[in-house]
**Q** 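Structure provided below as structure tokens; questions to follow.
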Amino acid sequence: MTNLGDLEIFAKVVSTGSMSLAGRALGFSPAVVSKRIKRLEDRLGTRLLQRTTRQISLTEAGQGFYDRVLGILAGLEEAEFYISGRSAQMHGTLKISAPTSFGRMHIAPHLKAFMEANPELAINLVLTDEFSDIVGGGFDLAIRIAELTDSSLVARRLAPVRRLLCASPDYLAAHGEPGDIGDLKHHRCLPAHNGDTWRLNGPDGMISLRPEGMLITNSSEVIRETVIAGLGIALRSTWDIGEELKAGRLVQVLPAYEGSHNVTLSAVYPSRQFLPAKVRLFIDYLAELYGPVPYWER
């Protein structure tokens with residue numbers, strides 16, 4: 001029978017893409033990792049990994065084996081979780097990818113409570129506005145705000161996402177408030193990325209428009225600050241501007257129109273038969289924290 005430790009080493013090599021990184025994570029030298037992988041391949045009678053001086057990739061047989069090994073390892077963790085219950089301490093590292101602004105505003109402030117409840121579980125939180133390669137990057141899960149289309153991943157909805165057209169009172173006092181959607185062409189609009197299309201649900205269904213603006217930036221946080229400062233009209237999520245709306249620093253305009261309701265806040269993880277206990281625990285924590293009516297909308 002194949003040694004379970006060899007399976008763990010193999011999975012870690014694939015997820016990190018490196019024998020040295022896998023060894024560092026598991027406390028082995030690269031030489032030991034290489035020896036254990038060779039032992040596994042000899043036992044199976046097939047090559048699992050293609051090795052070059054620059055990268056490691058899976059063979060066709062290795063890919064099929066890896067998919068099944070993930071299920072085995074996750075199943076063992078699930079079985080331990082079932083026996084020990086939620087009172088047991090989680091161990092290891094949970095690697096998470098999340099959008100920059102959302103992670104800073106709505107994940108980081110809540111890590112203290114989660115980590116105090118699970119002091120043996122380390123968190124590796126990577127903030128990026130690009131969609132991370134979950135498997136290739138070795139992530140346990142990713143938090144995404146999007147219309148999800150990747151069927152190779154499993155997603156659990158954490159909260160609805162409402163996106164509103166908004167502007168500052170100073171901007172509206174100086175430029176007037178648009179009376180209908182067509183008036184936006186006479187206003188300064190602030191798309192999050194130059195050339196972005198706004199997809200809006202309105203009284204007559206879904207419409208798409210390409211707002212024109214004088215500001216070009218790849219930073220959503222820059223758009224947030226400039227709409228608050230009174231530079232123009234932006235389409236922003238309530239999780240991003242909820243406090244400003246409550247305080248009156250921003251005002252919703254054209255309330256009959258909102259961003260596409262197909263955009264959701266979701267936890268995404270690789271498709272597998274069993275969900276590792278540490279991943280399920282964190283997803284449950286976020287789902288309870290946010291809920292169907294998230295705190296930023298209350």
Side-chain angles (χ1 to χ4, degrees), residues 95-109 111 124-139 141-150 153 155 158-168 170-172 175 178 181 184-201 206-245 249-254 257-268 286 294 296:
K95 188 175 182 181
I96 307 159
S97 172
T100 302
S101 296
F102 186 86
R104 175 177 56 80
M105 297 173 68
H106 299 292
I107 295 179
L111 287 179
N124 181 354
L125 178 61
V126 178
L127 299 184
T128 174
D129 291 326
E130 302 297 327
F131 273 14
S132 301
D133 179 351
I134 296 179
V135 175
F139 291 97
L141 75 153
I143 305 302
R144 290 188 175 166
I145 302 170
E147 296 185 32
L148 299 179
T149 58
D150 189 344
L153 301 173
L158 298 175
V161 172
R162 290 183 63 224
R163 293 179 300 149
L164 315 175
L165 293 166
C166 60
S168 74
D170 288 346
Y171 173 84
L172 296 177
H175 300 277
I181 198 70
L184 287 180
K185 63 185 178 183
H186 303 300
H187 282 265
R188 298 175 184 169
C189 292
L190 301 169
H193 299 279
N194 191 42
D196 270 4
T197 297
W198 286 352
R199 298 180 65 243
L200 303 170
N201 282 310
M206 182 71 71
I207 66 168
S208 297
L209 62 90
R210 182 164 292 179
E212 296 182 3
M214 301 297 291
L215 175 65
I216 299 175
T217 179
N218 66 343
S219 170
S220 180
E221 292 194 338
V222 168
I223 298 299
R224 180 184 188 277
E225 296 306 314
T226 53
V227 71
I228 294 171
L231 190 59
I233 297 174
L235 179 67
R236 306 301 299 173
S237 299
T238 55
W239 62 258
D240 188 38
I241 58 163
E243 292 302 316
E244 284 69 29
L245 289 171
R249 292 189 292 272
L250 287 176
V251 177
Q252 184 178 3
V253 299
L254 297 173
Y257 293 88
E258 292 190 358
S260 170
H261 296 157
N262 293 327
V263 175
T264 60
L265 172 66
S266 302
V268 179
L286 293 184
W296 52 79

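Just so you know, these numbers use all the heavy atoms, side chains as well, and skip hydrogens, waters and symmetry mates. The chain is numbered in sequence order, starting from 1.
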**Q** With sequence neighbours left out, what residues match Glu212 under salt bridge (charged side-chain N to carboxylate O under 4.0 Å, His left out)?
**A**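 With sequence neighbours excluded, Glu212 shows a salt bridge (charged side-chain N to carboxylate O under 4.0 Å, His left out) to no residue whatsoever.
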
**Q** With sequence neighbours excluded, tell me which residues meet side-chain hydrogen bond (donor to acceptor under 3.5 Å, both in side chains) with Trp198.
**A**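 With neighbours one apart ignored, the set is empty.
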
**Q** Between Ile107 and Leu127, is a side-chain contact (heavy atoms from CB on, under 4.5 Å) present by the stated rule, with each step listed?
**A** CA-CA 10 Å; Ile107 295 179; Leu127 299 184; 5.8 Å; no

**Q** Less than 4.5 Å apart, side chain to side chain, heavy atoms only: is that true for Arg199 and Val263?
**A**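 When only atoms from C-beta onward are counted, Val263 and Arg199 do not touch, as no gap falls below 4.5 Å.
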
**Q** Holding to side-chain hydrogen bond (donor to acceptor under 3.5 Å, both in side chains), I want the full list of residues that pass it with Ser101, two or more places apart in sequence or in another chain.
**A**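 Ser101 satisfies side-chain hydrogen bond (donor to acceptor under 3.5 Å, both in side chains) with Glu221 once adjacent residues are dropped.
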
**Q** Sequence neighbours left out, what passes ring pair (Phe, Tyr, Trp, His ring centres under 6.0 Å) with His175? Give chain and number order.
**A** Tyr171

**Q** What's the separation between atom CG in Leu190 and atom CD1 in Ile233, rounded to the nearest 0.5 Å?
**A**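 One gets 8.5 Å once the value is rounded to the nearest 0.5 Å.
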
**Q** Check Asn201 against Ser260 and note the closest heavy-atom contact, atom names and distance.
**A**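 In this case the closest contact between Asn201 and Ser260 is ND2-CA, 3.5 Å.
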
**Q** Which residues satisfy the side-chain contact (heavy atoms from CB on, under 4.5 Å) test with Ile134, sequence neighbours excluded?
**A**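 By the side-chain contact (heavy atoms from CB on, under 4.5 Å) rule, Ile134 matches Phe139, Ala142, Arg144, Leu153, Val268, Pro270.
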
**Q** Who passes salt bridge (charged side-chain N to carboxylate O under 4.0 Å, His left out) against Arg224, sequence neighbours left out?
**A**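 Applying salt bridge (charged side-chain N to carboxylate O under 4.0 Å, His left out) to Arg224 gives Asp240, Glu244.
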
**Q** With sequence neighbours excluded, what pairs up with Thr100 under the side-chain hydrogen bond (donor to acceptor under 3.5 Å, both in side chains) test?
**A** Asp129

**Q** To check you understand the geometry: which heavy-atom pair defines the closest contact between Ile143 and Pro99, and what is its length?
**A** O-CD, 3.0 Å

**Q** Could you report the tightest heavy-atom contact between Arg104 and Pro109, atom names first, then the distance?
**A**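 Smallest heavy-atom distance, with atoms named: O-CD, 3.4 Å.
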
**Q** Name the orientation class of the two ring planes belonging to Trp296 and His106 (parallel below 30°, tilted from 30 to 60°, perpendicular beyond 60°).
**A** tilted

**Q** Measure the spacing between CD1 of Ile181 and CD1 of Ile207 and express it to the nearest 0.5 Å.
**A**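 One gets 4.5 Å once the value is rounded to the nearest 0.5 Å.
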
**Q** Apply side-chain contact (heavy atoms from CB on, under 4.5 Å) to Leu265 and Leu286, showing your working.
**A** CA-CA 11 Å; Leu265 172 66; Leu286 293 184; over 6 Å; no

**Q** Do the side chains of Leu184 and Pro211 get nearer than 4.5 Å, heavy atoms only?
**A** no

**Q** Atom OG1 of Thr264 and atom CG of Leu158: how far apart are they, to the nearest 0.5 Å?
**A** 8.5 Å

**Q** Could you work out, with side-chain contact (heavy atoms from CB on, under 4.5 Å) as the rule, every residue matching Ala229, not counting sequence neighbours?
**A** none

**Q** For Arg163, which residues count as a salt bridge (charged side-chain N to carboxylate O under 4.0 Å, His left out) partner, sequence neighbours excluded?
**A**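 Arg163: no salt bridge (charged side-chain N to carboxylate O under 4.0 Å, His left out) contacts found.
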
**Q** Please test Leu231 against Met214 for side-chain contact (heavy atoms from CB on, under 4.5 Å), starting from the C-alpha separation and ending with a verdict.
**A** CA-CA 10 Å; Leu231 190 59; Met214 301 297 291; over 6 Å; no

**Q** Could you give me the CA-CA distance, side-chain angles and deciding distance for Thr217 and Ser219, then say whether side chain to side chain donor-acceptor pair (under 3.5 Å) is met?
**A** CA-CA 5 Å; Thr217 179; Ser219 170; 4.7 Å; no

**Q** Applying side-chain contact (heavy atoms from CB on, under 4.5 Å), name anything that partners Asp170, two or more places apart in sequence or on another chain.
**A**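 Once residues adjacent in sequence are excluded, the partners of Asp170 under the side-chain contact (heavy atoms from CB on, under 4.5 Å) criterion are Ser168.
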
**Q** Looking at every heavy atom in both Gly232 and Val227, which two are closest together, and how far apart are they?
**A** O-CG2, 3.4 Å

**Q** Does Asn124 have any side-chain contact (heavy atoms from CB on, under 4.5 Å) partners at least two apart in sequence or in another chain, and if so, which?
**A** Thr93, Lys95, Val126

**Q** For Cys166 and Ile241, work out which heavy atoms get closest and say how close.
**A** SG-CD1, 3.6 Å

**Q** Run the side-chain contact (heavy atoms from CB on, under 4.5 Å) test on Leu254 and Leu200 for me, step by step, so that the C-alpha distance in whole Å, both residues' side-chain angles and the decisive distance to 0.1 Å come before the verdict.
**A** CA-CA 11 Å; Leu254 297 173; Leu200 303 170; over 6 Å; no

**Q** Arg162: what forms a salt bridge (charged side-chain N to carboxylate O under 4.0 Å, His left out) with it, not counting sequence neighbours?
**A**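 Residues passing salt bridge (charged side-chain N to carboxylate O under 4.0 Å, His left out) with Arg162: Glu258, Glu297.
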
